[in-house]
2 protein chains.
Amino acid sequence: MPQSRTASTHAHVKCGDCPIRHRAICARCEADELEVLNSIKYYRTFAPGETIVWAGEQFSFVASVVSGVATLTQTLEDGRRQVVGLLLPSDFIGRPGRHRSQFDVTAVSEVTLCCFRRDPFDEMLQRTPHIGERLLEMTLDELDAAREWMLILGRKNAREKIASLLVMIAHRDAALHMTRPSGEVSFELPLTREAMADYLGLTLETVSRQISAQRRDGVIELEGKRRVRVPDFAALVAETGDDSDGGWID
Amino acid sequence: MPQSRTASTHAHVKCGDCPIRHRAICARCEADELEVLNSIKYYRTFAPGETIVWAGEQFSFVASVVSGVATLTQTLEDGRRQVVGLLLPSDFIGRPGRHRSQFDVTAVSEVTLCCFRRDPFDEMLQRTPHIGERLLEMTLDELDAAREWMLILGRKNAREKIASLLVMIAHRDAALHMTRPSGEVSFELPLTREAMADYLGLTLETVSRQISAQRRDGVIELEGKRRVRVPDFAALVAETGDDSDGGWID
DNA sequence: GAATTTCCTTGACGCAGATCAACAACCCAC
DNA sequence: GTGGGTTGTTGATCTGCGTCAAGGAAATTC
C-alpha cells in the first residue's frame with residue numbers, strides 16, 4: 001500500500017450547525033463563502049436501509065455526511081452485490097458535471113446529510129476555483145482508496161480482508177479525532193456482517209467465521225457484536241498482508 | 001454496470017506530432033495553449049517490462065500515452081500482484097498536487113509517452129481553469145472505472161471476469177476509431193495471460209483455461225495467441241453477467 | 001411476556017479456482 | 001540448424017471459501 005499521501009495543507013470549513021468540517025470547501029475561501037453556503041443548505045435524515053440516491057437517478061443536491069454511514073453499491077442482474085465505497089462523516093456526495101449517480105447510495109445506519117442545493121453550489125464553484133481544486137484532491141483520494149481496495153478484493157484471502165477492513169475503519173475513526181491508531185485501539189463497527197461481506201467480496205458466513213477466528217487468536221476482542229477492541233494495533237496490521245499500515249487519510 | 005456516463009461534450013487537443021488527442025486538454029483552450037504545450041513537451045519510449053515510474057517515486061513530468069500499453073500495479077510483500085489500472089493511448093499520467101506515484105507504472109508493450117515538464121504544465125493549469133475541470137472529469141471517469149472493476153473482482157467468477165475484460169478492451173479499442181463495438185468485432189489483446197490474471201485477480205492458468213473454454217463454445221476465436229475475433233459481440237456481453245454492456249468511455 | 005424479526009454463529013459438505021507439473025509453440029542468439 | 005528463454009496450454013490434485021442448514025441472541029411489536 002502507498003505509504004504516504006499528499007497531506008492536505010489547509011483546514012476545512014465548519015459551517016453553521018454541522019458538527020463536521022466540510023472537507024470539500026477549502027479554508028482559504030471560508031470568509032467569503034460561508035454565508036453563501038449557509039443560505040443554500042438544509043439537512044436531511046435517512047433511516048437505516050433507506051436509499052439516498054438510486055443508480056442512474058438525477059440528483060438535485062450535493063451533500064456532506066454529517067453523521068451515520070452510507071454505502072455505494074453495485075448489483076449484478078442476479079443479485080450479487082458489491083459495495084464500492086463507504087461514506088462516513090465528512091465524506092462528500094455528488095460532483096460537478098456528474099448529474100446522475102452511477103451507484104446506489106444506501107444508508108446503513110441512520111444518516112444525516114448536510115445538503116446544498118445544486119445550482120447555487122455550482123455557481124459558487126465557478127466563482128471559487130479553490131473549491132474545484134479541493135474536489136479534485138478529494139476525488140484523487142477516493143481513486144487511491146478504490147485502487148487499494150482492488151488489491152484487497154483481487155489478491156487477499158478472507159482473513160487478510162477482514163484485517164484490512166478493520167484497519168481502515170480504525171484509521172478513519174482515529175482521523176475524526178485528528179490522531180493515528182496505535183497501541184490499544186477500540187472502535188464501533190458501523191457495518192452488519194452482510195455489508196462487510198459485500199464490501200470484501202465474501203459471504204456473511206465467512207466474515208463471521210474469520211472474525212471469530214481472529215477473536216480466538218487474540219488479535220481482536222468483541223464487546224457485544226459491534227464494538228471492537230484491538231489490544232495491539234500493530235498485530236492487526238500484520239494480519240493484512242501489507243508491508244505497511246497504508247495511509248488511510250482523513 | 002452504469003448504463004450511460006456523462007458524455008464529454010467537447011473535442012480534445014491534437015498537438016504537434018502526436019497521433020492521439022490529448023484528452024486532458026479541452027479544445028476550448030486550444031488556440032492559446034497549444035503553443036505552450038508544444039514548447040514544453042518531449043517524447044520518451046519504454047521497452048516492454050520497463051518501469052516508467054516506481055511507487056513512491058517523485059515524478060518530474062505529466063504525460064499522455066501515445067502508443068503502447070502500461071499498467072498500474074500494487075504488490076503485496078509476498079509478491080502477490082494486482083493491476084489496478086490500464087493505461088492505453090490517450091490516457092494521462094500524473095496529477096496536479098500529486099507529486100508521487102502511488103503505484104508502479106510499468107510498460108507492457110513498447111510504450112511511447114508524450115511528456116510535459118511538470119512546472120510549466122502546472123503554471124498553464126493555473127492560467128487555464130478549463131484544464132483543471134477536464135482533469136477532474138477524467139479522474140471521475142477513472143474512479144468510475146475502478147469501482148466497476150471492484151464489482152468484477154469481488155463478485156464475478158472466472159468466466160465472467162474474462163468476458164468483462166474482453167468487453168472492456170473491445171470498447172476502448174473501438175473508441176479510438178470513434179465507434180462502439182457491435183456485431184462482429186476483432187481486436188488485439190495487449191496483455192499477456194499473466195497480466196490479465198493480475199488484472200482479474202486470477203492465476204494465469206485459470207485465464208488460459210477460461211479463454212480456451214470460451215473458444216470451444218464459439219464465443220470468441222483466436223488468430224495466433226493475441227488477436228481475438230468475436231463473431232457476436234452481444235453474446236460476449238451476455239457472458240459478463242451484467243445487465244448491460246457498461247458504458248466504457250473514450 | 002410471547003411472538004416475530006433481525007442479526008449473528010457454527011457445522012457439514014461440495015466445488016471453483018489455486019497449485020504443482022509437464023509440455024508445446026514460438027522467439028531470438030549464435 | 002541447435003539451445004535456451006519466454007509465453008501459453010492442459011492435466012491432476014488440493015483447498016479455501018461458498019452453499020445449505022440449524023439454531024442462538026437481542027431488539028421490536030403486539
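Order of the sequence lines sets the chain letters (A, B, ...), proteins ahead of strands, with each chain counted from 1. For clarity, every value in this text was computed on a predicted model and none was experimentally measured.
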Just the table, please: protein N/O against nucleotides 9-11 of chain C N/O, every pair under 3.5 Å.
| unit_1 | atom_1 | unit_2 | atom_2 | d |
| --- | --- | --- | --- | --- |
| dT9(C) | OP1 | Arg193(A) | NH2 | 3.3 |
| dT9(C) | OP2 | Arg193(A) | NE | 2.7 |
| dT9(C) | OP2 | Ser208(A) | OG | 2.8 |
| dT9(C) | O5' | Ser208(A) | OG | 3.2 |
| dT10(C) | OP2 | Ser212(A) | OG | 2.6 |
| dG11(C) | N7 | Arg209(A) | NH1 | 2.8 |
| dG11(C) | O6 | Arg209(A) | NH2 | 3.3 |

Indicate, with a heavy-atom threshold strictly under 4.0 Å, whether Thr192(A) touches base, sugar-phosphate, or nothing. sugar-phosphate

Here the distance between atom C1' of dG17(C) and atom CG of Asn157(A), to the nearest Å, is 15 Å

- When we call it a touch if two heavy atoms are under 4.0 Å apart, what does Gly201(B) touch: a base, just sugar-phosphate, or nothing? sugar-phosphate

Discussion item. I'd like to know if Glu142(B) pairs up with Arg147(A) as an ion pair, taking the criterion as any Lys NZ or Arg NE/NH1/NH2 lying under 4.0 Å from an Asp or Glu carboxylate oxygen.
Written reply: yes

Looking at Arg95(A) and Asp144(B), is any side-chain nitrogen of the basic one under 4.0 Å from a carboxylate oxygen of the acidic one? no

To the nearest angstrom, the CZ-P distance between Arg155(A) and dG16(D) comes to 17 Å

dC8(C) phosphate, OP1 or OP2, under 4.0 Å from Arg226(A) side-chain N/O: yes

Leu202(B) CG to dG8(D) P, in whole Å, measures 15 Å

Between CD of Glu194(B) and P of dG8(D) the distance, given in whole Å, is 9 Å

Is it true that Arg100(A) and Glu57(A) have a side-chain N and a carboxylate O under 4.0 angstrom from each other?
-> no

Glu160(A) CD to dG16(D) P, in whole Å, measures 12 Å

Atom CG of Leu153(A) and atom C1' of dG16(D) are separated, to the nearest Å, by 17 Å

Please determine whether a side-chain nitrogen of the Lys or Arg among Asp141(B) and Arg23(B) lies less than 4.0 Å from a carboxylate oxygen of the Asp or Glu. no

Leu113(A) side chain near Ile93(A) side chain, heavy-atom distance below 4.5 Å: yes

Carboxylate-amine/guanidinium contact Arg155(A) Asp78(B), below 4.0 Å: no

Separation of dG18(D) atom P from Lys161(A) atom NZ, nearest Å, is 7 Å

In whole angstroms, the gap separating P of dA16(C) from CG of Leu200(B) amounts to 18 Å

Q. Below 4.0 angstrom, N of the basic side chain to O of the carboxylate: do Glu239(A) and Lys161(A) qualify?
A. no

